[in-house]
Number of protein chains: 4
Amino acid sequence: MIAKDQLRTIVERIERLEEQKKTIADDIKDVYAEAKGNGFDVKALRAVIMLRKHDPAKLKEQEAILDTYLNALGMLPLFAMKEAAE
Amino acid sequence: MIAKDQLRTIVERIERLEEQKKTIADDIKDVYAEAKGNGFDVKALRAVIMLRKHDPAKLKEQEAILDTYLNALGMLPLFAMKEAAE
Amino acid sequence: MIAKDQLRTIVERIERLEEQKKTIADDIKDVYAEAKGNGFDVKALRAVIMLRKHDPAKLKEQEAILDTYLNALGMLPLFAMKEAAE
Amino acid sequence: MIAKDQLRTIVERIERLEEQKKTIADDIKDVYAEAKGNGFDVKALRAVIMLRKHDPAKLKEQEAILDTYLNALGMLPLFAMKEAAE
DNA sequence: TAGGGCTACTTCCATC
DNA sequence: GATGGAAGTAGCCCTA
């Protein structure tokens, strides 16, 4: 025997939350679409958002490793070594 | 020359919305976790939620096709043919 | 100092494998497309493939739980209780 | 009435191809794991692989847009403008 | 540490 | 041809 009321409550709570989540996801889409309409590059915008989520120090470290690898493969470095350039 | 203020506004709006979205996603997780703690099967709960999102008629149709295929392959039908059973 | 040759070998191995993987993925797409051209329902085909990956006993058990929940919610059971029908 | 043999053939072809695909995916995992064991940074390796998939010109263009945005937001540019440095 | 779930991104398809 | 939505894929995260 299942606790009907409890089950119903759970399902309804989840459905309501999912609905809210969807609304917000749609809002986000709208913002991107509007930005695109104003001439912004959506891909680059996404990249900006993603970068801001990350710790700059960690990021810099990752860049350095990546450039080391690119260099070892004879590829152009992506991230300039600003310090070294001076 | 980029519209700095416009860009900043876009980024901030997205970040705020994403934050809200994350909050809700966490709430959903909590509900599932609590349900699990009360003895519910999370996988089945997810299935219930998913099923309720779909049009029952469409669903029934898909089930029928699937059972036809399963039958043709000599596998047990998943969905009973209620009409046939009567 | 990075082991250039080792790095190059790793990258080339991965790239070769990814290429092979893509070839196969394309083949799979082709099969589905061809099946669709012959009148098969792709969604149902995917469902068949997925079902066959799973242990029938586990599957049956999951179905039973799901139907219990659906029943508690006053929804139509998806999976007939074959035993009960007799 | 369904073309049983045709269906069976389709399903078997897909299953065989999926099996092959899985084998290759596992091989790729193995290469990464082995690389990690040899001290390589897997995340950076993945980045290298991804970068090599893309047209350098397109990439450079995307970098430029991104840096423009980062600059407009008062964030440090990621990609040095090598030309400007000279 | 291996597997499964979740999220985000991309691609594909159908529609207009 | 563009736009929207659905599906597949990949990478990350967390649990067992």
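Just so you know, these numbers come straight off a predicted model, no measurement behind them.
We find that CD of B/Gln62 is positioned 10 Å from P of F/dA7, with the value rounded to whole Å. Summarising the geometry, the separation between CG on A/Leu51 and P on E/dC9 is reported as 12 Å, rounded to the nearest angstrom. For the pair A/Lys53 NZ and E/dC9 C1', the computed distance is 12 Å after rounding to whole Å. Here E/dT10 presents its C1' atom at 17 Å from CG of A/Leu45, a figure rounded to the nearest Å. Between the C1' atom of E/dA8 and the CD1 atom of A/Ile24 lies a distance of 16 Å, rounded to the nearest Å.
In this view, B/Arg16 satisfies the salt bridge (Lys or Arg N to Asp or Glu O under 4.0 Å) rule with no residue, not counting sequence neighbours. Residues satisfying the side chain to side chain donor-acceptor pair (under 3.5 Å) criterion with A/Lys22, sequence neighbours excluded, are A/Asp26. Partners of C/Asp30 under the side chain to side chain donor-acceptor pair (under 3.5 Å) rule, at least two apart in sequence or in another chain, do not exist in this structure. With sequence neighbours left out, B/Tyr32 forms a ring-ring contact (aromatic ring centres under 6.0 Å, His included) with no residue at all.
If you take CZ on A/Phe79 and CG on A/Leu66, they are separated by 5.0 Å, rounding to the nearest 0.5 Å.
Using a 4.0 Å heavy-atom criterion, one finds that C/Lys22 contacts no nucleic acid atom at all. Across all strands shown, C/Ala25 has no heavy atoms under 4.0 Å from either base or sugar-phosphate atoms.
A close approach under 4.0 Å does occur between a side-chain nitrogen or oxygen of D/Lys21 and OP1 or OP2 of F/dT9.
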At under 4.0 Å between heavy atoms, how does the protein contact nucleotides 11-16 of chain F? Give one character per nucleotide, 5' to 3', with B, S or -.
SS---S

Pair up each side-chain donor or acceptor in residues 42-57 of chain D with any protein partner under 3.5 Å, not counting sequence neighbours, and list the distances.
from: D/Arg52; atom 1: NE; to: C/Glu15; atom 2: OE2; distance (Å): 2.6
from: D/Arg52; atom 1: NH2; to: C/Glu15; atom 2: OE1; distance (Å): 3.2
from: D/Lys53; atom 1: NZ; to: C/Glu18; atom 2: OE1; distance (Å): 3.2
from: D/His54; atom 1: ND1; to: D/Met50; atom 2: O; distance (Å): 2.9
from: D/Asp55; atom 1: OD1; to: D/Ala57; atom 2: N; distance (Å): 3.4
from: D/Asp55; atom 1: OD2; to: D/Lys58; atom 2: N; distance (Å): 3.4

